[in-house]
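Shown next, in structure tokens, is the structure this report addresses.
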Amino acid sequence: MYRLNITGVIVLVSSWLSFALHAQTILQVKNQHNKPLENAVLEITTKDGVSAWQVKDSPFIMDQVNKRFSPEVLIVPKDSSVSFPNSDDIRHHVYSFSPAKPFELKLYAGKSKAPVSFQQQGLVVLGCNIHDAMVGYIYVTENKNTFMSGEHGEVEIDIPVEQITNITVWHANAQQGVNHRKSFQTFDVKKQQITLTINTIKPPKRDSFEDVFGYAH
Amino acid sequence: MYLVMLTKYRFKTQITWLSTGLILLTVLALTASYWLRIADYAEQQIKQQFNFAENVLNQNLVTQEKMLITAASVLAADFGFKQAVASQDKNTINSVLLNHGERINADLMMLLDLEGSLITTSASKTLSLQAVTKGIQSLPFRNVHAQFLRIDNTVYQVIVLPVKAPRVIAYTVIGFEFGQASLTGLKEMISLDISIAEREKVLATTLESGYSSEQIMQEAITPPSNILLSSAAYYHQIRPLGNSTVLSVVLSASLTQIHHDFNQLISSILFIAFFVIVIAIALSRLLSNGLSKPLNTLMHLTQRVGRGDLVIPKLSGDLPREFTELYQSFSVMGAEIESREKAIKYQAERDLLTGLYNRQKMLQELEASNDNKQITLVAFNIKDFKTLNDTIGISNGDKILQELAHRIFHYLGPLSTSDVNVIGVARTGADEFLVAIDTVEKDYIAKFLAHLQSELDRPYWVNDIKINLSVYVGIAQFDELISIDAEHMIRRASMAVSAAISEQVTVRYYQQGEDEAYMYKLSLIDELKSALEAEDSPLFMNYQPKLNMVTGRVDKLEALIRWINKEGDFVNPELFVGLAEKAGLIVTLTRWVILHVIQQVEHWNLQGYTFKVSINLSAQDIQHDTFVEYLLDTVAAKQVEPQQITLELTERDLAENENLVASRLTYLKSIGFQISVDDYGIGQSSLAKLKHLPVDELKIDKCFILNLDKNKQDQDIVMSTVLLGHRLGLQVVAEGVETAESLALLNEYNCDYAQGYYLSKPLSAEKLIEWYESYETTT
């Protein structure tokens, strides 16, 4: 866990550095209440088309910490494999019924068995059969220019605004359902900053009666 | 109103009605009160039961809901189920639903996609897809609480749960049938019949099958205002079923038991009321008998008193205290009435001064003893009692009357015990007494009178003054032959006393015919009254000529009134003039004469006959207030000179109220009337009086003239009277001249006028003129 955190920091720092050097555009995702949305996934198409994303050799990590998936949203290129280590001292039973990748990792603790490979683009919703409140998302894409919004709903990219032709936004709490993706061809541009708005619903409370039964859609 | 009507009935009936009425009223009030109370109470009970039932029902539904939720959530969380749903393999899903449904005994299992459309269903009953789809549309998905859902005619309690993997991928609907079985179970718990209705349609009910859906809803929507009055067997109430907007529960409480209980209560009240009324009637009979018996006794008593039977018998038997007091009051009242009656009777029958019978009582007594035909009435009158009264005073006079009454009593007291019975003693007038005895035996009466007189003649003492009285006694006797009433009997006695007074005899017997003569006089007076008022009067004037001895001619007449009564009889003028004087008719009679004579004189004047006519006046006439005025008015109205009228008065008339008569005559003489003294020579008047009176003429009474030619004494008296008259400056008239010799003598004595049958009897006005004409021609 400690190591992973370090790795995360390194990734963040390096990204920030590269952004800082080449930062040209800031994208911000907000909901209908003008609230910044964290963990939104933005897929950008430039005038050059979609730039392919090379698969890493090492697997991506979807950890389970404190009965939560960590990270909550993970963006992986197509054909990547993801490892599901269990950092909790309890067992989990991770599964997915998503058409992009249905799988099941039966009760396990500690290090996961073999990493799971995601050969198909699309959204994979992760659950735990034991802990219904645990929800995680793996966003499988071929597009290299796919980003996730940070704490303030912002992401800085080094693609100039005039180069962007389309932005597709996904968010777990989208009002129109978890599989909904919203595309933007025209943008509200202010000082190299693009604000994208997507309607969301209130996320379900955890560990409550409602959580058990959830909301429709 | 009711009470007023009651008073028409008998006492007994009233009491019976009153008590029965009160009981009925009480029963009615009680019943009404019970009725209201019980109706209220029953309704409250039922409502409480309804509330309880609703609570139970809700509790039951909540419990079931919890169970449902638990079961459903267990199912929804089942990984295998999720996996099956995710697989979207319809057959697998179906089998899973069926399997899980059986596990939890669910009657309905459905899987819906995220848009709410049916993916698959499994139910214990076969349901049409259309009905299911329609049912689903009414489900609010957002609510996790139990819902009621109707599919076809079956109601399900359902829960809608999302299937999460881990995000929602579908909805599962799990339902339990809420039907007859559930209702029956509930009915056992709440002891009420229960029905489920959608809007106004009953879907299921525990009520007996005879109850139609419409009937239940009709009764439920319009509940009876009073459950005891209602003929309905149930009382319904509609409550919502859970939070459904279309489904409701109808709770029905049976009224049969309440009706039955109430009817029993009313019947027992009525039975008790009937029982009490019977007792009340019996008791009121007893009570009213206890009242009406003494009332009847009192009623008979008052009827006796009313009849005048004032002797009240002693109270026999026991009566209530109030009635005994009332009875005694009646007794006292009877005695008081009796004594007052006696007092009234005494006052009505007695002369209060002397205590003797009054006239009225005497009449009664005489009537009562009229069978005993032999009655002697002795009436007596005190001589000059009026003068005595004036002298000694009325109160002393009364004392004498009392003493006299006492003596009569004292004398008559022992007399009554003998053979002769005293019928009564009465005071019939101020100083008039009457004794009635039942015998007519002469000797006895004589002895009786002698004793009575000697008794009454003894001196009387008033304030130490000795007074002697004497009485006039009048006696009237009656026997079998005389049949007259008591009134006439007393009158005859009175007439006898009057006769005794006028005849100045001590004892006077009533004589046969006196009463009839009296009656005749009375009838004459009546007839004279009407004669004076009649238009065509039976009265008329006759005129007797007076011969002027100096001239040998007739120039004076005497007017004499004549009367032929209804029977055509000539009534003696002295009689009816005398009666007129006594009856107060003389003034009217004289006025009649004055009017007719003056009319006649005027008539003659107009015919050329000039006579002086004399009219007879009485003392009453000249003393009458308006006599002078009437005479003057009458003369003034006619063409007659006062000098033609001579007023004739007797010596006696002139002597009465001498001063007034003298002054009036003086006045009349000054006007020209002639004054003549009639019947001169037989009265008591002195020559001295004659000297002062304004007299023109003396009329020598006919008793001196009638036998003048044969009687030397009469000749002397007449001769000297003529001489005396002439000396006093008066003319002298002789009346009653019947022979030529007498006339010759009068001529010799220088008498001025002669009047009599020798010349002519009194004649009517026409006859007189005839006679006058022939007399004038022959002389």
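These numbers come from the heavy atoms of this one structure, side chains and all, not from hydrogens, waters or symmetry mates. Because the structure is predicted, anything quoted here is derived from the model rather than measured. By convention in this document, chain letters (A, B, ...) are assigned in the order of the sequence lines, proteins followed by strands, and residues within each chain are numbered from 1.
- Atom CD of Gln185(A) has more than 12 heavy atoms from other residues, nucleotides or ligands within 6.0 Å.
- Screening residues 66-84 of chain B for salt bridge (Lys or Arg N to Asp or Glu O under 4.0 Å), with sequence neighbours left out, gives Asp132(A)-Lys82(B).
- Side chain of Arg167(B) to backbone of Val135(A): no donor-acceptor contact under 3.5 angstrom is found.
- Rounded to the nearest 0.5 Å, atoms NZ (Lys106(A)) and CZ (Phe79(B)) are 8.0 Å apart.
- Qualifying salt bridge (charged side-chain N to carboxylate O under 4.0 Å, His left out) partners for Lys78(A), counting only residues two or more places apart in sequence or in other chains: Glu142(A).
- The two residues Leu126(A) and Pro166(B) have their closest heavy-atom pair at O-CG, 3.2 Å.
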